[in-house]
Amino acid sequence: MRPIIAGNWKMNGTLAAVQAYAAALQAADPAPLMIVCPPFPLLPAFAQALRASPIALGAQECHARPSGAHTGDVSADLLKEIGAGYVILGHSERRADHGETNADIAAKVAAALAADLTPIVCVGETEAQRDAGEATDIVRTQLRHSLPESFEGIVAYEPVWAIGTGRTPSAADVTAMHADIRTALVTQFGDRGTKIPILYGGSVKPDNAATLLALPDVGGALVGGASLKAADFLAIAAGAPSV
Ligand code: PEP
């Protein structure tokens with residue numbers, strides 16, 4: 001599988017930064033599939049800057065309904081219309097800040113699929129859950145209840161305690177969790193589950209990317225802070241194994 005390196009800009013970035021960032025990515029012509037997920041207002045500028053480019057565009061969220069009285073929300077159809085091909089769903093910051101449940105996320109995933117967007121669905125345990133020996137059960141439950149029957153897309157394993165902290169799990173822990181996620185996906189979706197890419201996310205940086213990306217069943221990375229600088233994001237992509 002071609003590695004996937006997705007960048008989650010979160011609530012960062014400016015319109016003024018888009019052109020230079022997009023140009024740097026396009027000039028590098030990276031081997032992995034790279035997906036940039038900026039805040040909603042930057043999507044049209046990115047779509048324009050990346051037109052006719054293999055660099056893909058994603059959003060960080062969508063609503064479960066196609067339209068209606070949902071002030072401040074954005075539909076999957078509109079994201080598709082303005083040029084997004086992907087959408088991050090179930091990020092731990094959304095689960096925590098907006099109280100999103102697994103059922104909410106499953107509904108958004110279904111909406112994304114109906115709009116022909118590829119969902120990148122995040123799962124991961126908190127530090128307290130890991131310390132209590134519950135990490136595997138938590139992630140299995142998130143997968144079972146956040147992924148609808150019709151799921152096709154990408155899963156990102158993001159231990160909450162590793163996001164933005166500079167800490168990462170050991171290679172053995174990432175390997176064990178990705179193996180467990182693979183088993184869960186195959187149990188849930190049969191043969192389709194063997195092909196779902198599983199990204200690792202949480203403090204991926206240029207200096208640890210190659211190690212993390214070489215681990216079994218790590219199909220790429222979901223990158224937060226280090227995706228904000230094109231040079232760092234590209235350095236992470238350069239760490240991906242060639243296929
Ligand atoms: C993220 O928020 O998805 C993430 C992985 O952040 P960071 O790389 O900054 O830890």
Side-chain angles (χ1 to χ4, degrees), residues 3-13 17 21 25 30 32-40 42-43 46 56-62 84 86-100 102 105 108-109 112 117-127 129-130 135 138-139 142-143 146 153-171 173-174 177-178 181 197-213 215 217-240:
I4 299 168
I5 308 294
N8 174 13
W9 278 25
K10 312 192 187 194
M11 201 173 72
N12 296 299
Y21 187 94
L25 260 51
L33 169 61
M34 296 190 76
I35 308 167
V36 185
C37 303
F40 289 135
L42 301 186
L43 285 167
F46 259 115
L57 193 56
Q60 299 172 17
E61 164 62 8
C62 72
Y86 297 80
V87 59
I88 298 170
L89 293 170
H91 192 284
S92 59
E93 287 155 14
R94 300 244 8 135
R95 290 178 190 258
D97 295 355
H98 300 270
E100 290 188 9
N102 290 323
I105 293 154
K108 291 172 191 226
V109 172
L117 290 174
T118 300
I120 303 171
V121 182
C122 303
V123 294
E125 80 285 357
T126 63
E127 186 156 34
Q129 289 164 337
R130 175 157 285 269
I138 291 290
V139 169
Q142 289 173 335
L143 291 168
S146 305
I154 298 167
V155 166
Y157 169 55
E158 297 209 307
V160 178
W161 53 272
I163 295 178
T165 60
R167 297 164 60 204
T168 54
S170 68
D173 284 345
V174 173
M177 186 61 88
H178 278 236
I181 291 173
I198 308 169
L199 311 185
Y200 168 77
S203 295
V204 179
K205 309 282 180 213
D207 61 358
N208 63 16
T211 305
L212 289 162
L213 292 168
L215 297 173
D217 243 330
V218 174
L222 180 53
V223 185
S227 71
L228 292 171
K229 283 193 187 145
D232 288 348
F233 195 35
L234 286 165
I236 288 169

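Order of appearance sets the numbers: ligands from 1, and atoms from 1 within every ligand. Nothing fancy with the numbering, it's 1 onward along the sequence.
In terms of protein heavy-atom proximity, atom 3 (O) of ligand 1 is closest to E158 OE2, 2.7 Å. In this structure, the protein non-hydrogen atom closest to atom 4 (C) of ligand 1 is G224 N, 3.5 Å. Nearest protein heavy-atom neighbour of atom 2 (O) of ligand 1: K10 NZ, 2.5 Å.
Which parts of ligand 1 touch S203 is read off a 4.0 Å heavy-atom cut-off, strictly below it: atoms 7 (P), 8 (O), 10 (O). Taking every non-hydrogen atom of G202 and a distance limit under 4.0 Å, the qualifying atoms of ligand 1 come out as 5 (C), 10 (O). Atoms of ligand 1 lying under 4.0 Å from any heavy atom of G225, numbered from 1 in the order shown and given with element: 7 (P), 8 (O), 9 (O). Atoms of ligand 1 found under 4.0 Å from any heavy atom of H91, numbered from 1 in the order shown, are 1 (C), 2 (O), 3 (O).
No donor-acceptor pair under 3.5 Å is formed between the side chain of S203 and the backbone N or O of T168. Of the possible donor and acceptor atoms, one in the side chain of H91 sits under 3.5 Å from a partner among the backbone N and O of E93. With E125 contributing its side chain and V139 its backbone, the two residues share no donor-acceptor pair below 3.5 Å.
Between K205 and ligand 1, a contact under 3.5 Å exists for no N or O pair. Considering backbone and side-chain atoms alike, V223 places every N or O at 3.5 Å or more from each N or O of ligand 1.
Heavy atoms of G164 come nearer than 4.0 angstrom to ligand 1 in at least one pair.
Proximity of V123 to R95: side-chain heavy atoms (C-beta onward) are separated by under 4.5 Å at one or more points. Q60 places a side-chain heavy atom less than 4.5 Å from the side chain of P39.
For A162, every heavy-atom contact with ligand 1 shorter than 4.0 Å involves the backbone, none the side chain. With a heavy-atom cut-off of 4.0 Å, N8 touches ligand 1 through its side chain alone.
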Report the C-alpha separation of T126 and I138 in whole Å, then their side-chain angles, then the decisive distance to 0.1 Å, and conclude whether the side-chain contact (heavy atoms from CB on, under 4.5 Å) test is met. CA-CA 9 Å; T126 63; I138 291 290; over 6 Å; no
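Taking the six-membered ring for Trp and thresholds of 30 and 60 degrees, H178 and Y200 have ring planes inclined between 30 and 60 degrees apart.
Of the residues listed (V204, L213, L199), the one engaging I5 in a side-chain contact (heavy atoms from CB on, under 4.5 Å) is L213, and it is the only one.
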